[in-house]
Amino acid sequence: MSIPRELYPTEDDLPYEEEILRNPFSLKQWWRYLVARADAPFTKRRVLYERALQALPGSYKIWHAYLRERLELVRNLPINHSLYQALNNTFERALVTMHKMPRIWIMYLVSLTQQKLVTRTRRTFDRALCALPVTQHDRIWEHYLVFVSQRGIPIETSLRVYRRYLKYDPSHIEDLLEFLLNSELWQEAAERLAGVLNDDRFYSIKGKTKHRLWLELCDLLTQHATEISGLNVDAIIRGGIKKFTDEVGRLWTSLADYYIRRKLVEKARDIFEEGMTTVVTVRDFSVIFDAYSQFEESMLALKMEEMSDSEVEDEGSNGEVGAEDNVDEEDDRLNVAKLEKKLKEFWLNDDKDIDLRLARLEHLMDRRPELANSVLLRQNPHNVEQWHRRVKLFEGNPTKQILTFTEAVRTIDPMKAVGKPHTLWVAFAKLYENHKDIANARVIFDKAVQVNYKTVDHLASVWCEWAEMELRHRNFKGALELMRRATAEPTVEVKRRVAADGNEPVQIKLHKSLRLWLLFVDLEESLGSLESTRVVYERILDLRIATPQIIINYAVLLEDHKYFEDAFKVYERGVKIFKYPHVKDIWVTYLSKFVKRYGKSKLERARELFEHAVEQTPADAVKPLYLQYAKLEEDYGLAKRAMRVYDQATKAVPANEKLSMYEIYIARAAEIFGVPRTREIYEQAIESGLPDKDVKVMCLKYAELEKSLGEIDRARALYKHSSQFADPRSDPDFWNKWHEFEVQHGNEDTFREMLRVKRSVSASYSQTHFILPEYLMQKDQMQTLEEAKDVLKKAGVADDEMAALERQLAPPENDTKSKEQSRVVGFVSAGVVESNGQKVTANNEDIELPEESDSEEDDDKVEIALKEVPDAVFGGLIRKRDEGDEAEDDSTAKNKDSDGPLGALERMKRRKQQAS
């Protein structure tokens, strides 16, 4: 066989050939030769690979490169091409020396898998597993499992491979389960899955929980019930129900579905019923109930379809047999076979049970509320409200209601009850009462009062309901006897026995229940005598369970029966027992009743009572008592003592009520002693420490009084005194009143004095409360004082820090412009400021008075700016002054025009001259 010329070495190959001839076993030389001829055709490179492998048969590097090139050569060829056979042969040759190299095996196995050579591939996988060490088997099994999972691989082959794999790595049993399910091998899948669930050491590598595996097993067993045998499905699913509390409803429906598929319909119904009566969550109950109702509906629909099909067949057969029936009608009576056939067709053996199935479905729907309530009671059998709802479900069925009540009172533990368990006993007894069975109602109440409830109030409620039932049936003596029995104190022997046991029942404390005693008192007042009622009241007081209302009721009862002194003794006991605020009603009632009863006859005793009452009463509640005390003195005592009481009241009441108390004091004094007597009260009020706003109000009233009496100077002094409490910017009403007062009763000097006081008060308030930084008083930044204060507060500047900030940012005294910008809003300057030898008016809107108007201001070189005074203030004086000084005014006016701004008097004179 001749070798083609293109396979011979060329001149370019000679250097490599010479190196190889010198050293034929050098891997480096062969690899350099192969790399240099990377662009040569594969036929030539194949010769080079074969020559290199002949010299170096154990070189993994050359074998790997050779096999990769051969794989690349057949990549796009069909699998039945002859090159695949050459490739396989090359792999077999390589494995002679490379059988310990897993990468060579993997390349060969992947190639065989693509060639679809099932048997050869399987055997090659087995050879690889035998050749390689166990530590490298996982690399082979990965491709082995891919191979057996392909289509066309016999299931038995794949199953055997998976079983072998589980012996190597049992943790991958989920892969086998998945394969079994995909291969529809339900029996082995169920057995394997059951074995997994029974293995406590099993850990899912796919992250599945035991609960999920249980659900998968249940679905597998129920969906393929007829194909799986040898497993106790009922026991398996019930084991899952006991073990897992989540989604129990799904497990019950799976078990029922299993029996349905096995055509055990009645058993499936039993499973549904059992599931609904055992689940403890509404969610699980809803799942089971919906599945149950759907099952019954499907059974009914199936039966109706069968009925319609059978009716069609019967219509066809009736036409043929109808003629023969008339002939053989008499013979049927003697034919036993036909009689047996008719008996089988009787309705009890009839398959056409649509009515029964329909009734079963309706009964199931009607039972849903009862079954749902049972679920809630299984969650908490001590829930009183659910028991009441259950009783209401059986409304109209007294037997069921009685059974429900009986079960409820037996089940509920009063110490664990959610709600009021005594209401069940009461409702139980009322059920008998509504059906006119009073004897059994009394039996129920008698058992109810023997139950150890959590609180005494529950037991007292039962006794009260029992007594009210007796009253409804006009058994008054029985009701009284029940109350005496309920309020009887346990004997010493009983208390000793209970103390020895260590568990004190509520019956021991029942005799101190206020609710029982209140009902007992009502019954005694309505049905008993006065003496028996007094005994009950006295017993309540002895037990120290009385309330202020009980004291008042007891006293009123005695008053109704003309026992006035006894009633007052009851009041005395009440005020000794209770403290404020509870004793307030007792004192008010006691004092009003005493005054109404005795009036002037026992005045000294009444005074002692009032003195005692006001001593014990706190300041915030003493005002009504003082008013009542003063009313007593006015009606039956002395006016001076009444005034003394009012005086004491003004000192005793809190500050927020002093003003109203003084107003009452002044009104009563004016009515009794006349208006002049109120002056000393006004003065006392002003000096008594009232709040500033109340002092101002009191001064205004005092001033009005003096004005009405013609004491103008005293009224003006009051206005001046109260002006220190009135800020002109926030309280203009006060200054308007003073202004009107001066217009009506003042003159030029008094008016000027008012304006001076107003400016000084305004300045004091401005300096005291509203000192703000300079940058906040700029007109373009801040429009009002309130906005400036808001900005400071939002910035977090405290009130005490505002003044410090103002002092830091205050401009120098000689900086007129800064002083004008930082001028406090609302502050009116009282003079002029000198700057650079020139006079600058501090407030251009104000009017400067003449220089000779005030000697003290001249000494200080400060001019007071005043607003224009109305003419009505001066009255006739202005006309006389104008006539007497007309000539002097002209010259003075000219001098004033040259010196500076005109004062108020100068401008008035000029207007008069112009008018004339």
Side-chain angles (χ1 to χ4, degrees), residues 181 186 190 193-194 211-229 231-311 347-379 390 393:
L181 294 176
W186 314 118
L193 188 53
H211 181 258
R212 182 177 176 184
L213 294 175
W214 268 104
L215 295 179
E216 291 181 0
L217 178 60
C218 293
D219 293 341
L220 179 61
L221 294 175
T222 54
Q223 293 175 7
H224 307 283
T226 57
E227 302 172 11
I228 299 175
S229 60
L231 293 177
N232 190 349
V233 178
D234 190 282
I236 291 173
I237 298 180
R238 287 181 185 274
I241 292 172
K242 293 179 181 179
K243 190 172 183 180
F244 304 103
T245 58
D246 190 21
E247 295 189 16
V248 176
R250 182 176 173 183
L251 295 176
W252 279 112
T253 54
S254 299
L255 183 57
D257 190 20
Y258 169 76
Y259 285 110
I260 292 172
R261 293 179 184 273
R262 298 290 296 269
K263 298 183 179 180
L264 300 174
V265 179
E266 294 301 327
K267 182 65 175 177
R269 288 195 178 96
D270 294 341
I271 295 299
F272 279 125
E273 292 289 343
E274 183 182 357
M276 288 190 299
T277 54
T278 55
V279 294
V280 294
T281 63
V282 178
R283 177 185 177 186
D284 293 332
F285 168 77
S286 300
V287 171
I288 298 175
F289 185 86
D290 293 342
Y292 193 9
S293 58
Q294 186 177 2
F295 162 70
E296 292 292 353
E297 290 174 359
S298 61
M299 294 296 292
L300 180 61
L302 179 63
K303 201 65 180 178
M304 292 179 69
E305 291 179 1
E306 293 178 357
M307 285 287 296
S308 60
D309 295 339
S310 61
E311 287 177 0
W347 66 274
L348 285 175
N349 297 321
D350 189 10
D351 291 336
K352 301 176 182 179
D353 52 352
I354 294 181
D355 294 338
L356 176 62
R357 296 174 185 268
L358 186 60
R360 184 182 285 136
L361 178 60
E362 292 176 354
H363 178 61
L364 176 63
M365 294 300 176
D366 295 339
R367 288 167 54 212
R368 181 184 176 90
E370 178 186 353
L371 294 171
N373 181 262
S374 299
V375 174
L376 296 175
L377 286 176
R378 282 194 291 275
Q379 291 179 359
R390 187 174 184 83
L393 292 175

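- The structure places CE of M365 at 5.0 Å from CG of L361, a figure rounded to the nearest 0.5 Å.
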* Could you walk me through whether R250 and D219 pass the salt bridge (Lys or Arg N to Asp or Glu O under 4.0 Å) check? -> CA-CA 10 Å; R250 182 176 173 183; D219 293 341; 2.8 Å; yes

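- Closest approach of R368 to F285, counting heavy atoms only: O-CZ, 4.1 Å.
- With contacts defined as side-chain heavy-atom distances shorter than 4.5 Å, the pair E274/W252 qualifies.
- Looking at heavy atoms from C-beta onward, R360 lies in side-chain contact with R269 at the 4.5 angstrom threshold.
- Judged by distance alone, the side chain of R378 and the main-chain N or O of V279 form a donor-acceptor pair under 3.5 Å.
- The CZ atom of F272 sits 13.0 Å away from the OG1 atom of T277 when rounded to the nearest 0.5 Å.
- Atom-to-atom distance recorded for C218:SG and L213:CG is 11.0 Å, nearest 0.5 angstrom.
- Separating the NZ atom in K263 from the OG1 atom in T226 is a distance of 9.0 Å, to the nearest 0.5 Å.
- Counting only heavy atoms from C-beta outward, the side chains of Y258 and L264 never approach each other to under 4.5 Å.
- Remark: R390 engages E370 in a salt bridge (Lys or Arg N to Asp or Glu O under 4.0 Å) (not counting sequence neighbours).
- The salt bridge (Lys or Arg N to Asp or Glu O under 4.0 Å) search around E273 returns R367, not counting sequence neighbours.
- When side chains are defined from C-beta on, V233 does not count as touching R262, because their heavy atoms never get closer than 4.5 Å.
- Contact check for L220 versus I228: side-chain heavy atoms found under the 4.5 Å cut-off.
- In this structure E297 satisfies the salt bridge (Lys or Arg N to Asp or Glu O under 4.0 Å) test with no other residue, sequence neighbours excluded.
- Contact detail for Q379 and T281: the closest heavy-atom pair is NE2-CA, 3.6 Å.
- In terms of the salt bridge (Lys or Arg N to Asp or Glu O under 4.0 Å) criterion, residue partners of D234 (sequence neighbours excluded) are, by chain and number, R238.
- For the atom pair S298 OG and R357 CZ, the distance stands at 9.5 Å (nearest 0.5 Å).
- Side-chain contact check for S254 versus L221: every heavy-atom pair is 4.5 Å or farther apart.
- In this structure, CD1 in I241 is found 5.5 Å from CG in L251, a value given to the nearest 0.5 Å.
- When each of D284, L364, V375 is tested with M276 by the rule side chain to side chain contact (heavy atoms under 4.5 Å, CB included), just one qualifies, namely L364.
- Taking the side chain to side chain donor-acceptor pair (under 3.5 Å) definition, one finds that E362 meets it with nothing, sequence neighbours left out.
- Between T253 and I271 there is no side-chain heavy-atom pair separated by less than 4.5 Å.
- Between Y259 and D270 there is no side-chain heavy-atom pair separated by less than 4.5 Å.
- Applying the side chain to side chain donor-acceptor pair (under 3.5 Å) rule to Q294 yields no partners; only residues at least two apart in sequence or on another chain are considered.
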